[in-house]
K.L.:
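Before I ask anything, here is the structure I am working with.
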Amino acid sequence: MIVEKAGTLGFCFGVKRAINIVRQVAQEQGGIETLGPLVHNQQVLQELAGIGVRIAKDVADIKGNTVVISAHGIGQQVEKEIRAQNIQMIDTTCPFVRRLQLAARKLAESGFFVIIYGASDHTEVKATLGWANNRGIAALDAGLIARMDDLPRWLGILSQTTRVPAQFTEFVRNIIDATFTRDSELRVIDTICHDIRKRQADALELAKKVDLMLVIGDRESANTNRLAELCATATSTHLLETAADIQPSCLEGQSYIGITAGASTSERTIDEVITRLEAL
Ligand code: SF4
């Protein structure tokens, strides 16, 4: 059996940076709180809990006087609430997410109604709508936008950082089709993260060669789910959270296996999956 890893996999730049900052602060201060989970990955969160990292559910749940903001960022209203309570912030918002937030603010300030191609319940998307002063909407279905009776004429379209570029393009095309008859003015800004773009391209390239793709990551992780969907367009694909999820029956008759992993999956989890594959 041949096992091949995709060119880009595991921790992305933004997650690595956030985890390093939190590890260092937790070590120096004997523990720290994060506002919401730092990453969408249970194994990483367990490891952080082991060094004293506590997750505050919301601003009211922060017990100490310092809180870490995750790579997904927060909205400006939440930031105001934290400042009002004199709580210090250690901001690990990823630079790619900041670019999205600033684009949303600029569009809203210029009079555009902001449309984010993304999941409306995702932390990053909710925070970004906050940066647009809540003058916007998030959707994955362009039809939802097209059916809005009170849709403003000036529309600014952005993407959640972890979306698939081709699907974003399709979304934009559908919005154009649906809105041009309303004398609309559209501004589109490509805000997909460069790491995600590369990771998806590498995963797809590998998926086209192998018998089976294993995508390692948390089921709650948006970018992991996108990777699995993308690989499934090319070959048989399974999403695993840990090595324990490998079903030996899935490997029968498969001689070439490809591995990729979400941006919040640790190298240790990836190594454990490969070790188990070799053992099987
Ligand atoms: S996936 Fe991209 S945007 Fe998200 S944290 Fe990683 S580098 Fe930043």
Side-chain angles (χ1 to χ4, degrees), residues 1-16 19 37-48 71 117-119 121-122 124 140-141 159-171 192-280:
M1 182 198 290
I2 301 169
V3 177
E4 185 175 335
K5 289 200 279 185
T8 314
L9 77 172
F11 284 164
C12 64
F13 147 78
V15 166
K16 223 181 269 176
I19 290 176
L38 190 69
V39 291
H40 291 150
N41 186 288
Q42 285 309 317
Q43 289 74 43
V44 175
L45 293 179
Q46 277 164 18
E47 190 218 306
L48 293 176
Y117 173 59
D121 59 347
H122 192 278
E124 175 192 298
L140 289 168
D141 172 15
S159 174
Q160 184 177 354
T161 55
T162 49
R163 288 282 145 189
V164 177
Q167 292 172 0
F168 178 47
T169 313
E170 182 64 21
F171 178 84
I192 294 175
C193 155
H194 294 194
D195 176 290
I196 290 297
R197 200 184 291 267
K198 172 92 171 61
R199 178 183 306 257
Q200 288 174 350
D202 288 352
L204 190 58
E205 190 186 315
L206 182 58
K208 285 178 181 163
K209 298 192 295 188
V210 300
D211 302 321
L212 173 71
M213 267 313 272
L214 299 180
V215 180
I216 314 165
D218 200 291
R219 288 190 169 79
E220 294 295 313
S221 154
N223 77 84
T224 303
N225 282 305
R226 294 298 80 70
L227 273 180
E229 286 165 15
L230 201 61
C231 292
T233 63
T235 191
S236 172
T237 301
H238 292 286
L239 198 158
L240 313 171
E241 292 199 342
T242 66
D245 292 343
I246 300 173
Q247 301 289 333
S249 58
C250 297
L251 306 177
E252 276 169 26
Q254 316 284 12
S255 56
Y256 192 2
I257 297 179
I259 304 268
T260 186
S264 48
T265 306
S266 71
E267 209 166 305
R268 198 176 75 189
T269 305
I270 298 168
D271 288 345
E272 284 168 0
V273 167
I274 293 174
T275 305
R276 174 129 201 261
L277 279 177
E278 285 166 357
L280 286 168

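Throughout, residue positions are numbered sequentially from 1 according to the sequence presented.
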K.L.:
Which residue, R199, K198, R197, forms the side-chain hydrogen bond (donor to acceptor under 3.5 Å, both in side chains) with D195?
P.N.:
R199

K.L.:
Where do N223 and G262 come nearest, in terms of heavy atoms and distance?
P.N.:
OD1-CA, 3.3 Å

K.L.:
Hey, does H238 have a side-chain heavy atom less than 4.5 Å from the side chain of Q247?
P.N.:
no

K.L.:
Do any side-chain atoms of residues 162-171 form donor-acceptor pairs under 3.5 angstrom with protein atoms, and if so which ones, sequence neighbours left out?
P.N.:
from: R163; atom 1: NE; to: Q160; atom 2: OE1; distance (Å): 3.4
from: T169; atom 1: OG1; to: P165; atom 2: O; distance (Å): 2.8
from: E170; atom 1: OE1; to: R173; atom 2: NH1; distance (Å): 2.8

K.L.:
Is it the case that the side chains of E124 and T161 hold a donor-acceptor pair, with the cut-off being a distance below 3.5 Å and no angle test?
P.N.:
yes

K.L.:
Search all heavy atoms of C250 against all heavy atoms of L212 and return the closest pair with its distance.
P.N.:
O-CD2, 3.9 Å

K.L.:
For atom CD of E267, decide whether the heavy atoms of other residues, nucleotides or ligands shown that lie under 6.0 angstrom number more than 12.
P.N.:
no

K.L.:
So, D202 side chain and T8 main chain: donor-acceptor pair closer than 3.5 Å or not?
P.N.:
yes

K.L.:
Is the closest side-chain donor-acceptor distance between D211 and S255 under 3.5 Å?
P.N.:
yes

K.L.:
Measure the shortest side-chain to side-chain distance between L38 and V44 over non-hydrogen atoms and say whether it is less than 4.5 angstrom.
P.N.:
no

K.L.:
Looking only at heavy atoms, which two atoms of I257 and V210 are closest? And how far apart?
P.N.:
C-CG1, 4.1 Å

K.L.:
As an exercise, state the distance from CG of L45 to CD1 of I19, rounded to the nearest 0.5 Å.
P.N.:
8.5 Å

K.L.:
Minimum heavy-atom separation for A6 to L206, with atom names?
P.N.:
N-CD2, 3.5 Å

K.L.:
A quick test of your reading: do over 12 heavy atoms of other residues, nucleotides or ligands sit less than 6.0 Å from NZ of K208?
P.N.:
no

K.L.:
For N41, enumerate each residue passing the side chain to side chain donor-acceptor pair (under 3.5 Å) test, keeping only those at least two apart in sequence or located in another chain.
P.N.:
none

K.L.:
Please say which of T265, I259, D245, V3 ends up in a side chain to side chain contact (heavy atoms under 4.5 Å, CB included) with V273.
P.N.:
I259

K.L.:
For the residue pair C231 and T260, what are the closest heavy atoms and their distance?
P.N.:
SG-CG2, 4.4 Å

K.L.:
Pick one: which of T235, L230, L227 meets side chain to side chain contact (heavy atoms under 4.5 Å, CB included) with M213?
P.N.:
T235

K.L.:
Could you walk me through whether V39 and F11 pass the side chain to side chain contact (heavy atoms under 4.5 Å, CB included) test, one step at a time?
P.N.:
CA-CA 10 Å; V39 291; F11 284 164; 6.0 Å; no

K.L.:
Mind listing the closest non-hydrogen atom pair of T237 and A228 along with its distance?
P.N.:
CG2-O, 3.8 Å

K.L.:
Carefully, step by step, assess I274 and K5 under the rule side chain to side chain contact (heavy atoms under 4.5 Å, CB included).
P.N.:
CA-CA 9 Å; I274 293 174; K5 289 200 279 185; 3.7 Å; yes

K.L.:
Checking D218 side chain against E241 main chain: does a donor-acceptor pair fall under 3.5 Å?
P.N.:
no

K.L.:
Within this structure, what is the CD1-CD distance for the pair I2 and Q254, rounded to the nearest 0.5 Å?
P.N.:
13.0 Å

K.L.:
What residues, two or more places apart in sequence or in another chain, satisfy side chain to side chain contact (heavy atoms under 4.5 Å, CB included) together with R268?
P.N.:
S266, E272

K.L.:
Check whether any side-chain N or O of R276 sits under 3.5 Å from a backbone N or O of T242 as a donor-acceptor pair, and report yes or no.
P.N.:
no

